[in-house]
Number of protein chains: 2
Amino acid sequence: MGETPAYRARDFSFAVEAADGRARAGRLETPHGVVETPCFMPVGTKATVKGVAPRDLAALGARVVLANTYHLYFRPGAEVVALHGGLHGFMRWPGPILTDSGGFQVFSLADTRLVTDDGVEFSSVYDGSRHVFTPRLAMEVQERLGADIVMCFDQCAPGVLPRDELVAAVDRTTRWAAACREAHGRRDQLLVGIVQGGVDEELRRRSAAELLDVGFDAYAIGGLSVGERGDEMLATVELMDDLLPRARLRYFMGLGDPVGLLEVVRRGVDVFDCVLPTRMARTGTALTADGRLNLRNARHARDLRPLEDDCDCPACAGFSRAYLRHLVLQKEMLAAQLLSLHNLRVLIRLTERARAAIRAGAFAEFATSVIARYRAGG
Amino acid sequence: MGETPAYRARDFSFAVEAADGRARAGRLETPHGVVETPCFMPVGTKATVKGVAPRDLAALGARVVLANTYHLYFRPGAEVVALHGGLHGFMRWPGPILTDSGGFQVFSLADTRLVTDDGVEFSSVYDGSRHVFTPRLAMEVQERLGADIVMCFDQCAPGVLPRDELVAAVDRTTRWAAACREAHGRRDQLLVGIVQGGVDEELRRRSAAELLDVGFDAYAIGGLSVGERGDEMLATVELMDDLLPRARLRYFMGLGDPVGLLEVVRRGVDVFDCVLPTRMARTGTALTADGRLNLRNARHARDLRPLEDDCDCPACAGFSRAYLRHLVLQKEMLAAQLLSLHNLRVLIRLTERARAAIRAGAFAEFATSVIARYRAGG
């Protein structure tokens, strides 16, 4: 299986510093700072991690923030972001930023869409107007948004689709990846190729081989965590670990539950993202080492304890479960703010501890005990 | 006009340190810290200043926070707050706290209420259940909530009411004030008497004389800024300055626009509160030295400037008007968070500058120039 050898991006480097089984502890250097992996990346869809100011996000230990090309293309428009020198200036996040390509939203949000080999015609969720996204446009927009890490325009095909649709999605994803590689000009951005193929081993092998042939600085595993069975998902991640070069960063798109996170780290994934921690926060649910905690539950009404005794987040610095429950029930903004800080910190701290365990050669025991406790509590 | 001389509260003192005309710079000592006046007090109705964490509030220079007896009585209940050792522990605000009596909500929120000389029977806004608030209950609840500064149960009577209703409200307020004084037992709480009487000079004189006769540690001016003409309101404040002892703290209830704030400071008021800065923030409006700024306006779409060049709040630390407008239009929580911080800081900073001007004997010029600029811009 060949790979185009040369990095095209400037000012980036990635090195695996330690490994423990398939699990890796790595170091990614970007023009906006260093990212130690494994790393959970908070999602700031519309150029804001909902309810969390950038300085508070940094204080949690967040290193990379995601933003969404589809939404920012429509509101406020890439031109307004570019006026600020790009997303770093616009959202005032000084660290590394990753933008997705908009492909996922084009396929998942549009009611009526027309997919051709060139791209996708669809209706905007904002005003219903018709638009066409192509690999070239996805690159142009991401260059204007100015993130450090940018994603190829792909077709996310869930494993539950009929095989002929999966095949078509893999073929299209490869063609579009080559078109993105061709169109992408900013050498201060790391372009990531996305492997598709659902949970079909043959298609995953083909997609990986074709993307390696195009050659990317980093690889993402797309099309998982979208409805397939858990064991199929994990088997596919393990296959990807065999297929992708060990010296390249691997990104699992859309994963944010503590158990899943450890399971993919165990199988060689370096970075992941998910809206889960902040979305759960807005519904009054906290992540804890003992599972999810629903603050609406009456049993918390007089509970003076913090969410977690040993958590170092601002929500656990004195606020009781009873107070947080009061905020949730009264729909006070501070509920979502504090729970978002807590949930993000839980995932970030988990990756920090995973990294330490990998470096100590003790990842398997670490993951097993964390997962057992989480499942016992939930 | 007599006044019962002895302070009943322990660990409190108030001193006027400087005066400039009727305007005063004072110092209030409480068990939870010192408050320099003039002072704007942010409102945290349900034990949270909407969208602002306590540590961020402290960083803005906020010194006293308000909370609401009516709302906390129903949700989560005074007992839950008391379990936390009171509001300081419940909401994690280490500084001074003031609770209103719940009287304003009893009169303004209830559809069907029955006012007697003993109290008010009304329906809860939470579940429609019938309740009776009396002066004694208002004291009991406030003692359990444990604020530093607590308010008498009064009947807020707007100046636009017929005179016989105003008279009845003044009589009732006096009787209830005496009952509150009698019922209030916590000597680590400062109990504030509220003067009513609308904009009727004779009634204001009577209300003030009667309350001074009961004797309080501090006096509030109630029943203003509720529909009367601006000149009548200010004339009444000036009258109150003549009637209330100069050595006592004066609190104007419910005022938060920059012009009104300076006008009542000019007439001898020390502290005031209002939901305006945070409520405006949630609708996308910023307070500036040049008037109100509605971020929904299209003219801000590409404006790279901060809300105010010389503001030291977190929102003005790099976030552009264009970005803030984007957050407002996309209904992102961070919009309300950042604008709340800004609007609160504007009012707090205004009182800091007013205090310095009073001490420098230059308050009149200061107020005139601030008001002129604000009005020219708005």
The reported gap from NZ in K50(B) to NZ in K331(A) (rounded to nearest 0.5 angstrom) is 11.5 Å

Among residues 58-71 of chain B, those lying within the under-4.5 Å heavy-atom range of chain A are none

Q) Hey, is CZ on R279(B) packed in by over 12 heavy atoms from elsewhere, all under 6.0 Å? A) no

CD (E332(B)) and OG1 (T48(A)) are apart, to the nearest 0.5 Å, by 5.0 Å

In this structure, CE of M91(A) is separated from CG of L334(B) (nearest 0.5 Å) by 9.0 Å

Ordered numerically, the heavy-atom neighbours of chain A under 4.5 Å found in residues 97-106 of chain B are none

query: Where the side chain of Y323(B) meets the backbone of A47(A), is there a donor-acceptor pair that is under 3.5 Å apart?
result: yes

Interatomic distance, CE@M333(A) vs OG@S340(B), rounded to 0.5 Å, equals 5.5 Å

Quiz item: Are any side-chain N or O atoms of Q337(A) and backbone N or O atoms of A53(B), one a donor and one an acceptor, separated by less than 3.5 Å?
Solution: no

Heavy-atom nearest pair, A322(B) first then V80(A), reads CB-CG1, 4.4 Å

When the 4.5 angstrom heavy-atom criterion is applied to R282(B) and chain A, the contacting part is side chain

When you measure from the side chain of H326(B) to the backbone of K46(A), do you find a donor-acceptor pair of N or O atoms at a distance under 3.5 Å? yes

Sorted by chain and residue number, the side-chain contact (heavy atoms from CB on, under 4.5 Å) partners of P31(B) (sequence neighbours excluded) come out as D11(B), F12(B), D148(B)

Honestly, the part of V81(B) sitting under 4.5 Å from a heavy atom of chain A is neither

Between the OG1 atom in T45(B) and the CD atom in Q330(A), the distance rounded to the nearest 0.5 Å is 11.0 Å

Residues of residues 304-319 of chain B with a heavy atom under 4.5 Å from any heavy atom of chain A, in residue-number order, are L304(B), P314(B), A317(B), G318(B), F319(B)

Turns out that what part of L329(B) lies under 4.5 Å from chain A's heavy atoms comes down to neither

Bottom line for L324(B): the part with an atom under 4.5 Å from chain A's heavy atoms is neither

